[in-house]
Amino acid sequence: MADLLGDMRRTHHCNQLGAENVGMEVVLMGWVQRRRDHGGVIFVDLRDREGLTQVVFNPGVSNDVHAKAHGLRSEFVIGVRGRVAPRPDGMVNANLTTGAIEVMVTELRIFNEAATPPFLIEEDTDVSEAIRLTHRHLDLRRPQLQKNIILRHKAAAAVRQYLNGNGFLDIETPVLTRSTPEGARDYLVPSRVNPGQFYALPQSPQIFKQLLMVAGYERYYQIVRCFRDEDLRADRQPEFTQIDMEMSFVGEEDIMAISEGLIAYVFQEVMGISQTIPFDRLTYAEAVDRYGLDKPDTRFDMELKEISDIVEGSGFKVFADVVKKGGIVKALNAKGCVDFSRKEIDDLTKFVAVYKAKGLAWIKVRENEWQSPIAKFFTDEEKAKLAERIDMQPGDLIFFMADKPAIANEALGQLRNHLGQRLNLIDPEAFNFLWVTHFPMFEWDETEKRHQALHHPFTAPLEEDYSLLEKDPTAVRSRAYDLVLNGFEIGGGSIRIHDMDLQSKVFKILGMDKETYQGKFGFLLDALQSGAPPHGGLAFGFDRLVMLLCGESSIRDVIAFPKTQKAACLLTGAPSDASQPQLDELSLRIKATAKV
RNA sequence: GGGGGUGUAGUUCAGUUUGGUUAGAACGCCGGCCUGUCACGCCGGAGGUCGCGAGUUCGAGUCUCGUCGCUCCCGCCA
């Protein structure tokens, strides 16, 4: 039978007591981390969310209490009353904040016993993630996870504090909303009172925050849950949290400045480290040119060099033909890697094949010669130009990629990241921020034979590119910007279109006729005609940001109750079947093929 | 939708290459001893549908086929 709390009340937490408390009578409560029973004296490490304190049961103090302590097991929930005593000489535990003292227990209450946990509740648990997620309430007891979740709270608190102080209003937007055709797959919720119709869960509050600007609220923010029914990744969950912001009467500079201030504040409050602002900037074109990716990891150099102009007339047909067909040839200098084995290079070739690259040419730069299957195809002049462009030095290993620009850049950019890690070029303590600006407005979708918005359809085009909207949409640059941290996109936003005619034109370029866009976005177009101020905003991926702050490699480690790769919750068993009466009420029928 | 990895005791793994008696280890758990440990120590013990289902075989943890879970990646994610 479990003891009741009664009049026992905690006086301190388990990371609080030190030499200055010696002699004090205290009450601690928490979980039994470990029991070390010496037959006589029994030591228990008592754990609460703040830390550990060693409590001591000595038969010399109380025989009854000592006998009761003999039955303690891992994860029992107890309260102890006792006197703080200094550890005997030589018994101080320097690894423990409270290691100078211990609590000599005079009263023990066992509030609850606990089944033997399926894994040890400790810092470095080696247990599979499936088991951790199935017993998430136990996993969440681990110090590492508690630290992450507490840090997440602190980050959210700092965000609110900063934005509140800068005139932003926290305004809630609907979770049951309308499906929008562009973008990710929606999560749908059937409407009982409107049979056959569905709400969609928001992929982001995009349109609502724009409507709030039209409505005159000027500065809005929300730490808000968003939903996308797409396949998962280590940094992607079906429901995730955004710091969503929007401002009126501003341009890019204003939003970037507020964002930098926000990030710097969060880093100062949460991590106690200051960030240099403003952050560096690159245009999309420059980022792709130098790093191959639109979210480059700028913690290390090793930039890509385009060599199309040097090799287009060369005797190496593979390169020359690619350039002739509109492709590019780029090089990556892996400094000092000349001794990579044939197998290592083969493995890297397989690595880039994942990104559709057809091959990976290479040159090993030795003291007096190039060791390479392709060196023989180049003239001395071409060799000299290559050596200069790529900064070849003896000891270098040069990789070449020739392909369509999108493939060559992506594959070589990913190879750059891969080598950066493998060659330990990355300072794991560093936080490198980078704005990427001037994204293209549209990209051509070959399968659907139409233009797609790269960002979203409400993003404003760059004014100087207006003239290109009709004749060459893919050349139009947008007023969109992403914030990149250590190679992760942690935020993105844009200046929005606040003019009805321009918005209609963009819808048309996206392949919608007037009837279609009036039907889907008529309410937005109406709003734009009713006094819409110039406005723009940004949304941060809060989970990713916290993941990087915590030094974790998966957002599941900074979300209290995450889902698996199949979008299931192993703890609750969601998703689950609906009963026939529920389905009937919603006018739904399950296809026979959906059931196994 | 596709590719890779993985699944054996409560947990982490070995055993699978080359099918062969009672499937091992560590930690955890249970019992005993132990008054200064903090990964306590010592002695003893319990614990396994080898993910699931078919098949091949005298015999399957091991081979074949299917299927499911977890995970990483590609596609997808405006």
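Residue numbers begin at 1 in each chain, while the letters A, B, ... track the order of the sequences.
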Distance between the [atom1] atoms of [N] and [M], in whole angstroms?
N: B/U67; M: B/G31; atom1: P; result: 47 Å
N: B/G51; M: B/G61; atom1: P; result: 10 Å
N: B/C77; M: B/G4; atom1: P; result: 24 Å
N: B/G5; M: B/G19; atom1: C1'; result: 25 Å
N: B/G36; M: B/G41; atom1: C1'; result: 12 Å
N: B/U18; M: B/C34; atom1: C1'; result: 50 Å
N: B/A9; M: B/C43; atom1: C1'; result: 22 Å
N: B/G44; M: B/U8; atom1: P; result: 29 Å

Value in whole Å for how far the [atom2] atom of [N] lies from [atom1] of [X]:
X: A/F43; N: B/G36; atom1: CZ; atom2: P; value: 8 Å
X: A/Q54; N: B/C40; atom1: CD; atom2: P; value: 10 Å
X: A/D126; N: B/G28; atom1: CG; atom2: P; value: 14 Å
X: A/L232; N: B/C70; atom1: CG; atom2: C1'; value: 13 Å

Under 4.0 Å between any heavy atoms, over every strand shown, what does [X] touch: base, sugar-phosphate, or nothing? Just pick one.
X: A/N58; answer: base
X: A/D229; answer: nothing
X: A/R73; answer: sugar-phosphate
X: A/S204; answer: base
X: A/F458; answer: nothing
X: A/P117; answer: nothing
X: A/E129; answer: sugar-phosphate
X: A/I131; answer: sugar-phosphate
X: A/D231; answer: base

| If you pin A/R36 and A/L120 to their nearest nucleotides in RNA chain B, which one's is more 5'? | A/L120
| field | 5′-ward residue of the pair A/K563/A/E102 relative to RNA chain B | value | A/E102
Is there a side-chain contact between [X] and the phosphate of [N], meaning an N or O under 4.0 Å from OP1 or OP2?
X: A/T564; N: B/C70; result: yes
X: A/R556; N: B/C72; result: yes
X: A/R233; N: B/C74; result: yes
X: A/K566; N: B/G69; result: yes
X: A/S128; N: B/U71; result: no

With distance as the sole criterion, do the side chain of [X] and the base of [N] form a donor-acceptor contact below 3.5 Å?
X: A/R34; N: B/G28; result: no
X: A/E122; N: B/G28; result: no
X: A/R228; N: B/C76; result: no
X: A/N93; N: B/C38; result: yes

Would you indicate whether the side-chain heavy atoms of [Y] and [X] approach each other to under 4.5 Å?
X: A/K505; Y: A/E470; result: yes
X: A/R225; Y: A/F240; result: no
X: A/V26; Y: A/V103; result: yes
X: A/M91; Y: A/Q54; result: no

| With respect to the side chain of A/R87, which nucleotide from B/G75, B/U37, B/C77 is positioned closest? | B/U37
| Given B/G36, B/G10, B/C77, which nucleotide is nearest the side-chain atoms of A/P88? | B/G36
| Where do A/S494 and A/R496 land on the side-chain hydrogen bond (donor to acceptor under 3.5 Å, both in side chains) test, with the steps shown first? | CA-CA 6 Å; A/S494 63; A/R496 325 298 183 190; 2.6 Å; yes
| Is A/R49 atom CZ crowded by more than 12 heavy atoms from other residues, nucleotides or ligands, each under 6.0 Å away? | no
| task | Could you tell me how the ring of A/F439 sits relative to the ring of A/Y284: parallel (under 30°), tilted (30 to 60°) or perpendicular (over 60°)? | result | tilted
| query | Going by 5.5 Å between centroids and 30° between planes, is there a stack of A/H38 over B/C40? | reply | yes
